Amino acid sequence: MQRGEPLTDTITVLGLESSCDDTAAAVVRQGPGGCVILGAAVFGQTALHQNFGGVVPEIAARAHAEKMDHCVETAIAQAGIALGQLDAIAVTAGPGLIGGVVSGVMCAKGLAAALGKPLYGVNHLAGHALTPRLTNGTAFPYLMLLVSGGHCQFLIAHSPVRFERLGGTIDDAPGEAFDKVARLLGLPQPGGPSVERLAASGDARRFALPRPLLDRPGCDLSFSGLKTAVLRLRDGLIADQGGLWPQDQADICAAFQSAVSDVLAEKTRRALAIYDALTPQHPALCVAGGVAANQSIGDALRQVAQDAGADFVAPPLGLCTDNAAMIAFAAIDQMPFNAPDDFTLSARPRWPLDQTSPAMLGSGKKGAKA
Ligand code: KG4
Ligand code: ZN
């Protein structure tokens, strides 16, 4: 396929993802009737990093190198096809933890060379941002909120290759803040689900936590001050009472979750207003990333969309978090615009989706942000 050529035939693509702590492979087929995921395998690394309080890049890279072959075999077996029936190999080429990205890119190059198939390096964030088209057939343009352990940004998706960044975090990603708060409270990782579980029995009004950057116009966000406020709150309680009681933990979790939810809701409201001013089409708000799995955050975002008269699209959790189907699909969606890569394709730790926006600040435990 050449650049600019529309997709007419059926095309079957193997996608590989290894930019953070999930090793994944998937086979996606696009035909005249639409797109189907024929096979998908994910090997999560949570257990490998559990004792270290965060993702250890060297451990992640080694595990990706060990598990990718297995994931590919599983995805291909599920798809019920032979490797030779693939039309192309797609791989996350960034942004992410460089050792992991290199591991995926090398595997993809090996497969592409051995099979004589075209190779496509995909931006991981484009994978997330195009997922609503895979799951819901969402038409351009739409507003995308990426909220995960490594990313937090508002983008207008104009086309498979044109994304306009409206704002994002200036420090931590919200998932990273959930993970740090869990660590401060001695709760298991990943922190998001632990905090959400405890928050259910907590009183969000007992402690007042800040709502960072709400006093500033626009839709940039900040989560690191919130985490520091939780640290001070915890230390103050320990100093006063000699320890933390389970109810204290639950109330802190509820207060923190409510602060994140309020900030994300208000900034999403503003992003939708900016979107409305820039684009005449009916608005759609799409969310992706692990933090979107949080029920009260998801409910708050759905409400914001409803208030603004916007459609709301939240892909199923397995396609919201890191996965390889989104990489294979992004390659397919971008094919009319992108020529295949050659074997000089390199792994990029940073790769902003919107090259015209100023670079974002901060670099969290899950790797450089784009
Ligand atoms: O999208 P994801 O699987 O991986 C990347 O970071 O790319 O997101 C993982 C992040 C973790 O920080 C995790 O704590 C957070 O998403 N997370 C949640 C919930 N489930 C996962 N945060 C809040 N509430 C949840 N239920
Ligand atoms: Zn991701």
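Just so it is clear, the structure is predicted and the values come from calculations on it, not from any experiment. Start at 1 and go down the list; that is how both ligands and their atoms are numbered. Residue numbers run from 1 in the order of the sequence given.
In summary, R269 and D307 do not engage in a salt bridge, as defined by a charged side-chain N under 4.0 Å from a carboxylate O. Remark: K117 does not engage D87 in a salt bridge, criterion side-chain N to carboxylate O under 4.0 Å. Salt bridge status for R62 with E58: absent, with no side-chain N to carboxylate O gap under 4.0 Å.
Within 6.0 Å of NE2 on H158 lie more than 12 heavy atoms contributed by other residues, nucleotides or ligands.
For atom 2 (P) of ligand 1, the candidate residues are G290, A288, G96, A199; the nearest heavy-atom contact is made by G290.
Close approach of ligand 1 to G289 is summarised as follows: ligand atoms under 4.0 Å from at least one heavy atom of the residue are 1 (O). Interface of V291 with ligand 1, defined as ligand atoms under 4.0 Å from a residue heavy atom, comprises 16 (O), 18 (C), 22 (N). Close contacts between ligand 1 and P193 involve ligand atoms 19 (C), 20 (N), 21 (C), 25 (C) [criterion: under 4.0 Å to a heavy atom]. Set against the non-hydrogen atoms of G149, the atoms of ligand 1 under 4.0 Å away are 5 (C), 6 (O), 8 (O), 9 (C), 10 (C), 12 (O). Per-residue contacts place G150 under 4.0 angstrom from the following atoms of ligand 1 (heavy atoms of the residue considered): 6 (O). Atoms of ligand 1 found under 4.0 Å from any heavy atom of D179 (numbered from 1 in listed order, with element): 11 (C), 12 (O), 13 (C), 14 (O).
Considering backbone and side-chain N/O atoms, E196 comes within less than 3.5 Å of an N/O atom of ligand 1. Considering backbone and side-chain N/O of G192, one or more are found under 3.5 Å from N/O of ligand 1. Here's the thing with N294: one of its N/O atoms is less than 3.5 angstrom from an N/O atom of ligand 1. Of the N or O atoms in D22, none lie within a sub-3.5 Å distance of an N or O in ligand 1.
The shell of residues lying under 4.0 angstrom from ligand 1, judged by heavy atoms, includes G191.
Relative to the six-membered ring of F343, K109 misses at least one condition, a distance below 6.0 Å or an angle of at most 45° to the axis.
Atom CD in Q249 sits 5.5 Å away from atom CG in L187 (nearest 0.5 Å). Taken from CG in L125 to CG in L155, the straight-line distance is 7.5 Å, to the nearest 0.5 Å. Rounded to the nearest 0.5 angstrom, D311 CG and R302 CZ are separated by 11.5 Å.
Between F256 and F178, the distance from one ring center to the other falls under 6.0 angstrom.
Checking H124 against the Zn ion (ligand 2), an N/O/S atom falls under the 2.8 Å cut-off.
Residue D322 approaches the Zn ion (ligand 2) most closely through its N/O/S atom OD1.
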